[in-house]
Amino acid sequence: MEIAKTYTPSEIEDKWYAEWINKNIFHSEPDDREPFTIVIPPPNVTGVLHMGHALNNTIQDILIRKARMEGKNACWVPGTDHASIATEAKVVAMLRERGIAKRDLSREQFLEYAWEWKEKYGGIILQQLRKLGASCDWDRVSFTMDEDYYNSVIKVFIDLHKKGLIYRGTRMVNWDPKAQTALSDEEVNFKEVNSKLYYIQYPIAGSSDYITIATTRPETILGDTAICVHPDDPRYYSLIGKKAIVPLINREVTIIADTYVDKDFGTGALKVTPAHDKNDYELGKKHQLQSIDIFNPDGTMSEAAQLFIGLDRFAVRKKIVPELEEKGFLVKTEDIKNNVGYSERTDVVIEPRLSNQWFLKMKDLGEPALQAIEKNNIVFHPSKYKNLYRHWMEDIHDWCISRQLWWGHRIPAWYNENGEIVVAENLEEAQKAFQTQFPAAPNKNITQDEDVLDTWFSSWLWPEEVFKGITHPGNADISYYYPTNVLVTAPEIIFFWVARMIIAGYEYKNQKPFNDVYFTGIVRDKLGRKMSKSLGNSPDMLELIEKNGADSVRFGILICSPAGNDLLYDEKLVEQGRNFSNKIWNAMRLVKGWQEQGKITAEGEDNTQAIQWFDNKLNQVLAEIETYYTDFKISEILSTIYKLIWDDFCAWYLELVKPGRDAGISIQTYDATIVFFEKLMQVLHPFMPFVTEEIWSLLRNRKENEYCIISKYPKAGEINKNTLANADRIFELINKIRGFRNENNLSPKEALELNILSTDENLHLQWESKIIKLANISSFNFIKSPMEGAKQLVIKTDEYYIPHQADINVEEEKEKINKELAYTKGFLNSVVAKLSNERFVQNAKADILEKENAKRLDAEAKIKALEEALSRLN
RNA sequence: GGGUUGUUAGCUCAGUUGGUUCAGAGCGUUGCCUCGACAAGGCAAAGGUCAUCGGUUCGAGCCCGAUACGACCCUCCA
């Protein structure tokens, strides 16, 4: 069989994914094994796979695959959330294309379209995750609007309301005029923008005086109901209590005094618009001011504004300024930088707006969740996020959970004709509730609240309700899989989601939802810019996978993802992954070559040393990897395996044992090599599942159901440090001989004579044939004293001499030796200084002292050898 | 404004409880090599006063303080 010279991932990847699915390998059911559970951070149902998902899900897949190979019952639950704002926007857009306006539809009709959209386009991302190789249990796909899930959200709302934690209130909320809904504080992003500060003078009633205020939002003067100054500001003593006249609309407002005002900002006089500013609202409450709402829900001016009715708020700003100027009210404008809130979802400027919303009291709920992190019951990786979390939890605000949308979980609150409210699961229950709670009212026309709940109010139940832990408490799944092992997510949603899941976990399971939380970094392009749709700097994931293979994409993302730091993605890294696959592929071709040409023989070259060395090396790396896994240093694991395979296995081990052109390979060597190769594929499998499964299948004739993905993960064995150190000495010698060739422009084909002056001849004898092979040595001898007229190499206390007719540049040689001598002497001095320092000898630990003594002896021997070499050159 | 965090080779990053064979890796760069696994390759080389200043210590990339620049989060100055 001819094996292709380069590895081609596309068919191979599809083949193995289908095979794994076919064998039901990703599916998990509770049994007597230890569970290892991950719930996916549910992507938005409207989402498509981008770099962030790829990073996040590759890490989850790595952890799941590793656990599965360790014999744990690995369960990775996939799913999506319903994303009320985003989905509703998609549906509205779809309707617009069909010439249908949302306002012409009933709620029921709209929801029918929404489900149609969801069935047709929603959850594409789950298909895309398969391409990435994600080993999710696809029989367990959850959606936050599934029937049970829906019920769980309603159940929790009712329960929290019963506990007195949910209340309805009139509050200044963050209004998104585009989505036309309230948002929680967490959904508002503040951006520093260049604005203008407008100085506007208001005439004082019954006088020719003016009071000048400064504002960034001149359009809101139409809603002004007061002017506020600082009580201790002498400039305004005489004006307090008088009336000012709002320009253009001639409304008389009172000049009030409050210490809230900053005397030094602007003019020290503040216009107060209680309906459209959080602080003004507070002032308004305190001073019992009138509140005039001058905006419609879509951000246009309402009737109450009197002017510019129906015009957008920003258009009004443009129009009102010239008008104020024309009429002599505008004093001046100034450039200013200020922070403006934008909607997380629609990126429009948030309009503070007074409205009736539902809130969840967070303070008491948050307490166990704060403690969980403080006491390390849940561990954050990296731990720096602990501070961030504490900071937020200690100053937690009530959560605005209602949204003025249709797509989502409809708030189970009911109103009678008196505007009285009950909270109940359905109409029937609501009627009963009204009868007992408000028996005097007619309770005939009961209507349900029109609003839905914040999407996060459903996804905070995710780790519980994907196992139906809320709707069917105590069932077999929730008892077995909960708490889950690790959550892998982005730090951006630490408050939105992580904190709230922890809260819900303690409230409804009295138990944390996960043991560890691993926060990934932010994916940036190679210029360090955050990847975003608007910049268009995010590559098309499916194209990338198609072109390079999922393994390479996974490699490229992971190799540059230091724990908790941002990663700068560069397509070159994906190429590096592709090259790596190819390297492994070719190593396999070499090994297969031995098998197929019938080269395996009973006798053959003795490779005991090489096999022992690599066995130890492998064990050493396996142990190292284990500690990296516990520290979630995922990127380190990959680069460690990369070096192990490329440098140690391919460049050293295979070169050491590779038989000559027509020679055979011993059965012992062959078997050992296959075992090593298998172990390498196993440790790499979680990172690059496809190429490893393919190679695994080719290394031996496999039995039914004998797959790499479910093979037993190799355990680290005993490590003999001597074996490793000895091999390093030999490898260094080979390197130095190669370097000598390079420096002198000698062909690798030109064999050299090697004379060895060593106290450990036995070691050199053991490795003799390997040194001869890899360094191309023509004669291999031991000598008892330094050799004249030969190139000297010094490694620790061993000396090597290579007689060579090529001109050795004596001056250059001397300079090199002198340089090394100077360094070594300096080094020795520092060691001696240390050892003769009483305080060092007293304070340092025994093993450090021992090390220092050894350093001294080595350095002394080296200096002696170098000095001898120098004298021979003179 | 408050908080968290970072600044180590051209680039991206490792450097565990302070102890000079620890100043490292990968990529990139440079030179040589088509040698029967692999040019998506092989062999080798060059590259850093560990941001700056000061302190603690017998000893500091590592600990402490200040400065400069950056990142992120929070934030009611219109």
Side-chain angles (χ1 to χ4, degrees), chain A residues 3 5-7 190 197 213-217 220 228 260-262 264-267 269-273 277-282 336 338-339 382 384-388 391-392 395 491-492 494-495 522 526 528 559-562 564-568 570 572-573 575-576 578-594 627 631 633 635-636 639-640 642-643 650-651 654-655 658 660-662 735 738-743 745-749 776 796 823-824 826-827 829-831 833-834 836-845 848-849 851-852 854-855 858-859 862:
Chain A
I3 308 175
K5 212 168 157 184
T6 49
Y7 175 66
F190 284 92
L197 193 58
I213 57 91
T215 181
T216 51
R217 300 197 58 193
T220 62
C228 190
Y260 163 76
V261 175
D262 180 348
D264 301 326
F265 187 90
T267 61
L270 170 71
K271 70 182 211 59
V272 185
T273 324
D277 184 281
K278 263 190 182 171
N279 306 302
D280 289 11
Y281 175 67
E282 295 303 322
I336 188 181
N338 66 342
N339 286 325
K384 65 179 175 186
Y385 289 109
K386 219 172 134 168
N387 296 327
L388 186 63
H391 187 247
W392 189 75
D395 185 34
E492 291 119 86
I494 186 168
F495 310 131
I522 296 166
K526 60 182 167 186
I559 198 74
C560 65
S561 305
N565 286 335
D566 291 356
L567 57 135
L568 272 70
D570 185 345
K572 274 208 162 137
L573 297 166
E575 277 168 33
Q576 196 187 337
R578 185 199 58 182
N579 295 353
F580 186 37
S581 297
N582 198 50
K583 183 73 185 176
I584 298 168
W585 180 256
N586 278 290
M588 184 274 297
R589 285 178 66 218
L590 174 71
V591 174
K592 285 296 275 187
W594 300 337
T627 63
D631 295 341
K633 291 190 172 177
S635 190
E636 301 282 326
S639 64
T640 304
Y642 179 79
K643 279 179 264 184
C650 293
L654 288 179
E655 291 301 327
K658 187 160 91 176
R661 202 166 144 180
D662 299 311
N735 272 337
R738 286 169 173 172
F740 169 73
R741 262 209 188 80
N742 246 305
E743 269 169 40
N745 285 324
L746 301 178
S747 159
K749 285 175 187 162
N776 191 14
K796 299 209 175 172
Y823 173 82
T824 315
F827 174 66
N829 279 341
S830 75
V831 175
K834 234 189 272 183
S836 50
N837 182 324
E838 258 180 57
R839 300 187 60 175
F840 172 74
V841 179
Q842 277 166 10
N843 295 333
K845 285 179 207 147
I848 287 171
L849 266 177
K851 262 190 205 164
E852 294 300 315
K855 279 183 200 168
D858 274 0
K862 192 166 181 183

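Note that this is a predicted model, so its numbers are computed, not measured. Every heavy atom of this structure was used, including side-chain atoms; hydrogens, water molecules and symmetry mates were not. Below, chain A is the first sequence line, B the second, and so on; all start at residue 1.
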Colleague: Shortest non-hydrogen contact from A/L654 to A/A587?
Modeller: CD1-CB, 3.9 Å
Colleague: When rounded to the nearest Å, what value does the distance between P atoms of B/rC35 and B/rA25 take?
Modeller: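 The answer is 30 Å between these two P atoms.
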Colleague: Is it true that a side-chain atom of A/D570 and a backbone atom of A/K572 form a donor plus acceptor pair closer than 3.5 Å?
Modeller: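 Confirmed, A/D570 side chain pairs with A/K572 backbone.
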Colleague: Check every atom of B/rU5, B/rA44, B/rA40 against the side chain of A/K384 and return the nucleotide holding the closest atom.
Modeller: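 Among B/rU5, B/rA44, B/rA40, the one nearest the side chain of A/K384 is B/rU5.
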Colleague: Anything under 30° is parallel, anything over 60° is perpendicular, the rest tilted; go ahead and classify A/F495 against A/W392.
Modeller: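 A/F495 and A/W392: parallel rings.
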Colleague: Within this structure, what is the CG-CZ distance for the pair A/D277 and A/R217, rounded to the nearest 0.5 Å?
Modeller: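 Answer for the CG-CZ pair, A/D277 versus A/R217, is 8.0 Å.
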Colleague: Since syn is defined as within 90° of 0, does B/rG47 count as syn or as anti?
Modeller: syn
Colleague: Applying a 4.0 Å non-hydrogen cut-off, can you work out what A/S639 is touching in the nucleic acid: base, sugar-phosphate, or nothing?
Modeller: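 No contact.
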Colleague: I'd like the P distance from B/rU8 over to B/rG15, given in whole Å.
Modeller: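 Roughly 14 Å separates the two P atoms.
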Colleague: Using the P atom as the point on both nucleotides, what is the distance between B/rU20 and B/rU67, in whole Å?
Modeller: 32 Å
Colleague: Look at the side-chain N and O atoms of A/N745 and state whether any lies under 4.0 Å from the OP1 or OP2 oxygen of B/rG31.
Modeller: no
Colleague: Nearest whole Å is fine: how far is B/rC11 P from A/L573 CG?
Modeller: 16 Å
Colleague: Strictly by Watson-Crick or wobble contacts shorter than 3.5 Å, is anything paired with B/rG28, and which nucleotide is it?
Modeller: none
Colleague: Now, which nucleotide makes the Watson-Crick or G-U wobble pair with B/rA71, with each of the two distances under 3.5 Å?
Modeller: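 Per the H-bond distance test, B/rU4.
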Colleague: So A/N339, base contact, sugar-phosphate only, or nothing? Heavy-atom distance under 4.0 Å.
Modeller: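 It contacts base atoms.
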Colleague: What is the distance, to the nearest angstrom, from the CH2 atom on A/W594 to the P atom on B/rC38?
Modeller: 14 Å
Colleague: Does a side-chain N or O of A/K658 approach OP1 or OP2 of B/rA37 to a distance below 4.0 Å, or not?
Modeller: yes
Colleague: Let's test your reading of the model: under 3.5 Å, does the base of B/rG41 pair with the side chain of A/N582 as donor and acceptor?
Modeller: no
Colleague: Nearest to the A/T215 side chain among B/rC74, B/rA78, B/rG15, which nucleotide is it?
Modeller: B/rA78
Colleague: How many Å lie between NE2 on A/H391 and P on B/rC72, as a whole number?
Modeller: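 Whole-Å distance recorded here is 18 Å.
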Colleague: Could you give the distance separating B/rC69 and B/rC32 at their C1' atoms, to the nearest angstrom?
Modeller: 43 Å
Colleague: Whom does B/rA9 pair with, Watson-Crick or G-U wobble, provided both distances fall under 3.5 Å?
Modeller: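 When the pairing criteria are applied, nothing turns out to pair with B/rA9, so the answer is none.
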Colleague: Figure out the CG/P separation between A/N387 and B/rU5, and round it to whole Å.
Modeller: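 Between P of B/rU5 and CG of A/N387: 6 Å.
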Colleague: Determine whether a donor-acceptor pair (one donor, one acceptor, N or O, separation below 3.5 Å) exists between the side chain of A/E655 and the base of B/rA37.
Modeller: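 Indeed there is one.
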Colleague: What interatomic distance, in whole Å, is found between C1' of B/rG54 and the corresponding atom of B/rC11?
Modeller: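 It works out to 32 Å between them.
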Colleague: Please answer whether the main-chain N or O of A/N582 pairs with a side-chain N or O of A/N586 as donor and acceptor at a distance below 3.5 Å.
Modeller: yes
Colleague: Ignoring hydrogens and geometry beyond distance, is the side chain of A/K278 in donor-acceptor contact with the base of B/rC76 at under 3.5 Å?
Modeller: no
Colleague: Considering just the side-chain nitrogens and oxygens of A/K643, establish if one lies under 4.0 Å of OP1 or OP2 belonging to B/rG24.
Modeller: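 No.
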Colleague: Under 3.5 Å for both donor-acceptor distances, Watson-Crick or wobble: does B/rU17 have a partner, and if so which one?
Modeller: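 In the structure as shown, B/rU17 has no Watson-Crick or wobble partner.
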Colleague: Between A/N735 and A/A214, which is nearer to the 5' end of RNA chain B once each is assigned its nearest nucleotide?
Modeller: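 Upstream on the strand: A/N735.
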Colleague: May I ask you to verify if any side-chain N or O of A/K5 is less than 4.0 angstrom from the OP1 or OP2 atom of B/rA39?
Modeller: yes
Colleague: For B/rA39, give the paired nucleotide (Watson-Crick: N1-N3 plus N6-O4 or O6-N4; G-U: N1-O2 and O6-N3; both under 3.5 Å), or none.
Modeller: none
Colleague: Could you tell me how far apart A/E575 (CD) and B/rA40 (P) are, to the nearest whole angstrom?
Modeller: 11 Å
Colleague: Using atom P of each nucleotide, how far apart are B/rG28 and B/rC74 to the nearest Å?
Modeller: 38 Å
Colleague: Using atom CG of A/N586 as one end and atom C1' of B/rC38 as the other, report the distance to the nearest whole Å.
Modeller: 4 Å
Colleague: Is there a Watson-Crick or G-U wobble partner for B/rC22 with both distances under 3.5 Å, and if so, which one is it?
Modeller: none
Colleague: Need one value for A/Q576: base, sugar-phosphate or nothing, where a base atom within 4.0 Å counts as base even if backbone is also close, heavy atoms only.
Modeller: sugar-phosphate
Colleague: What closest approach, in Å, do A/C228 and A/V272 show between heavy atoms, and which atom pair accounts for it?
Modeller: CB-CG2, 3.7 Å
Colleague: Looking at B/rC38, I'd like to know if its phosphate oxygens (OP1 or OP2) sit under 4.0 Å from a side-chain N or O belonging to A/N579.
Modeller: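 No, outside the criterion.
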Colleague: Once you round it to whole Å, what is the distance between C1' of B/rA37 and CD1 of A/I584?
Modeller: 13 Å
Colleague: A/L388 near the nucleic acid: base, sugar-phosphate alone, or nothing, with a heavy-atom cut-off under 4.0 Å?
Modeller: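 Since only primed, P, OP1 and OP2 atoms lie under 4.0 Å of A/L388, the category is sugar-phosphate.
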Colleague: Report yes if at least one side-chain N or O of A/R738 is closer than 4.0 Å to OP1 or OP2 of B/rA44; otherwise report no.
Modeller: yes
Colleague: Using a cut-off of 4.0 Å on non-hydrogen atoms, how would the nucleic acid contact of A/Y260 be classed: base, sugar-phosphate, or nothing?
Modeller: base
Colleague: With both distances kept under 3.5 Å, what pairs with B/rG61, Watson-Crick or G-U wobble?
Modeller: none
Colleague: Ignoring the backbone of A/N742, work out which of B/rA44, B/rA14, B/rA78 is nearest its side chain.
Modeller: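 Ranking B/rA44, B/rA14, B/rA78 by closest atom to the A/N742 side chain puts B/rA44 first.
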Colleague: Taking all non-hydrogen atoms of both residues, which atom of A/N776 and which atom of A/K749 are closest, and how far apart?
Modeller: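 Distance-wise, the nearest heavy atoms are ND2-O, 3.2 Å.
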Colleague: Out of curiosity, A/N279 CG to A/L270 CG, how far, rounded to the nearest 0.5 Å?
Modeller: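 Answer for the CG-CG pair, A/N279 versus A/L270, is 8.5 Å.
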Colleague: How many Å lie between CD on A/E743 and C1' on B/rA46, as a whole number?
Modeller: 12 Å
Colleague: Given B/rA78, B/rC43, B/rA37, which nucleotide is nearest the side-chain atoms of A/L590?
Modeller: B/rA37
Colleague: Find the partner of B/rA66: check Watson-Crick (N1-N3 plus N6-O4 or O6-N4) and G-U wobble (N1-O2, O6-N3) distances, both under 3.5 Å, and reply none if neither fits.
Modeller: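 Pairing partner, where one exists within any strand: B/rU52.
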Colleague: Between B/rU52 and B/rA9, how far apart are the P atoms? Round to whole Å, please.
Modeller: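 Their P atoms lie roughly 11 Å apart.
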Colleague: P atom, B/rG65 versus B/rU56: distance in rounded Å?
Modeller: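 My reading of the P atoms in B/rG65 and B/rU56 gives 15 Å.
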Colleague: Check whether any side-chain N or O of A/K572 sits under 4.0 Å from OP1 or OP2 of B/rC11, and answer yes or no.
Modeller: no
Colleague: Counting distance only, does the side-chain N/O of A/T216 pair as donor-acceptor with the main-chain N or O of A/L197 below 3.5 Å?
Modeller: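 Answer holds: no.
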